[in-house]
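Here the structure comes first, spelled out in structure tokens, and everything after it is commentary.
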Amino acid sequence: MEQFIDDLKAAATEKEEFDVVQQELAVLRKTFKGKLIQVLGSHYAKQRIQCFSKLIVIHLLGFEADLRISDVLLILLSSKSIAEKRLGYAVLSILVNDAHVATYAQLVAADLRDTGEHSVEVQALALSFIGNRASPIVAQACIGEVQRLVLDGTLALELLPRALLALPRLLERCPSFVVDPALVPRLLALFIAYSQPAAENTLT
């Protein structure tokens, strides 16, 4: 990754930058066609992180990166490694178009139910993604989980604002969803609590 960034910085013209990117894309295509990048283990996790980090940089530079990444992205999103999980959501948010986001709907919904060591961060990643990129299919898969988290009080306090921001988008994308009658007073109580000064803020 460091060498790739150094080569980009050293490019004096658009043509040189284009050549650096195309050379890197050729290497990435070969990597993603292989099977080693899909092998579990810390060494291959580092390889996945480096490859996707390069793809994000290439995308942000305005270049097309038409690679078949779905199998490896599934590994990232399913990973127990929080570093891979973070990168998976970054890739899902930046590189995957709306037509293909639905493929990962059930994985996002599963992260809302996460109870592992990094559950707060995993749920934060899922809620942030939902609030920004929820397609109708993603909304359908996740809206029940978000409603449950808000109502049953199991959601970490610091995640409530994300849930409150995600719910309107989910309801907009999934208008047929039957809202639990208890949700409205709960939401009102939360909005009122968050409108109070921090010292008076109580969410019980």
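Each residue takes its place number in the sequence, starting with 1.
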Does atom CZ of F177 have more than 12 heavy-atom neighbours from other groups under 6.0 Å away? yes
Heavy-atom closest pair (R148 atom, L112 atom, distance to 0.1 Å) is NH2-O, 4.1 Å
Of all heavy-atom pairs between L77 and G88, which one has the smallest distance, and what is that distance? CD2-C, 3.6 Å
If Ile, Leu, Val, Met, Phe, Trp and Tyr residues are connected whenever their side-chain heavy atoms lie under 4.5 Å apart, and connections chain through other members, are L165 and L157 in the same group? no
Close side-chain approach of L87 and R48, heavy atoms under 4.5 Å: no
Nearest heavy-atom approach of F4 to V20 is CE1-CG1, 3.9 Å
Distance col, row I56:CD1 vs L61:CG, nearest 0.5 angstrom, shows 12.0 Å
Applying a strict under-4.5 Å side-chain criterion to I, L, V, M, F, W and Y, I'd like to know whether V178 and L170 cluster together. no
Measure the shortest side-chain to side-chain distance between M1 and V57 over non-hydrogen atoms and say whether it is less than 4.5 angstrom. yes
Nearest 0.5 angstrom please: S79 OG to R86 CZ, how far? 11.0 Å
Determine which pairs satisfy side chain to side chain donor-acceptor pair (under 3.5 Å) with at least one residue from residues 8-20, sequence neighbours left out, and list them in order. K15-D19
To check you understand the geometry: which heavy-atom pair defines the closest contact between P161 and E158, and what is its length? CD-O, 3.5 Å
Atom pair CD/CG of Q23 and D7 - distance to nearest 0.5 Å: 7.5 Å
Side chain to side chain donor-acceptor pair (under 3.5 Å) contacts in which one or both residues fall within residues 166-177, not counting sequence neighbours: none
Scan the side chains in residues 128-144 for donor-acceptor partners under 3.5 Å anywhere in the protein, sequence neighbours excluded, and list what turns up.
{"unit_1": "S128", "atom_1": "OG", "unit_2": "A124", "atom_2": "O", "d": "2.9"}
{"unit_1": "S128", "atom_1": "OG", "unit_2": "R162", "atom_2": "NH1", "d": "2.4"}
{"unit_1": "N132", "atom_1": "ND2", "unit_2": "S128", "atom_2": "O", "d": "2.8"}
{"unit_1": "R133", "atom_1": "NE", "unit_2": "D98", "atom_2": "OD1", "d": "3.3"}
{"unit_1": "R133", "atom_1": "NH1", "unit_2": "L92", "atom_2": "O", "d": "3.4"}
{"unit_1": "R133", "atom_1": "NH1", "unit_2": "S93", "atom_2": "O", "d": "2.7"}
{"unit_1": "R133", "atom_1": "NH1", "unit_2": "V96", "atom_2": "O", "d": "3.2"}
{"unit_1": "R133", "atom_1": "NH2", "unit_2": "V96", "atom_2": "O", "d": "2.8"}
{"unit_1": "R133", "atom_1": "NH2", "unit_2": "D98", "atom_2": "OD1", "d": "2.8"}
{"unit_1": "S135", "atom_1": "OG", "unit_2": "V138", "atom_2": "N", "d": "3.3"}

Please name the pair of heavy atoms, one in L127 and one in A166, separated by the smallest distance, quoted to 0.1 Å. O-CB, 4.1 Å
Separation between NZ of K54 and CD1 of I5, rounded to the nearest 0.5 Å: 9.0 Å
Provide the closest heavy-atom pair for F52 versus V72 in the form atom of the first, atom of the second, distance. CE1-CG1, 3.4 Å
Identified side-chain contact (heavy atoms from CB on, under 4.5 Å) partner of L55 from the options I94, V91, L95: L95
Output the distance between atom NZ (K80) and atom CD (E117), rounded to the nearest 0.5 Å. 11.5 Å
Following the transitive rule for hydrophobic clusters with a side-chain heavy-atom cut-off under 4.5 Å over Ile, Leu, Val, Met, Phe, Trp and Tyr, establish whether V27 and F63 coincide in one cluster. no
Output, in order, the C-alpha distance, side-chain angles, deciding distance and verdict of side chain to side chain contact (heavy atoms under 4.5 Å, CB included) for L149 and Q123. CA-CA 10 Å; L149 289 169; Q123 289 176 337; 4.2 Å; yes
Rounded at 0.5 Å granularity, tell me how far CG in L25 sits from CD1 in I58. 4.0 Å
When you measure from the side chain of Q147 to the backbone of D180, do you find a donor-acceptor pair of N or O atoms at a distance under 3.5 Å? yes
Do T31 and Q47 come close enough that some side-chain heavy atom pair is under 4.5 Å? yes
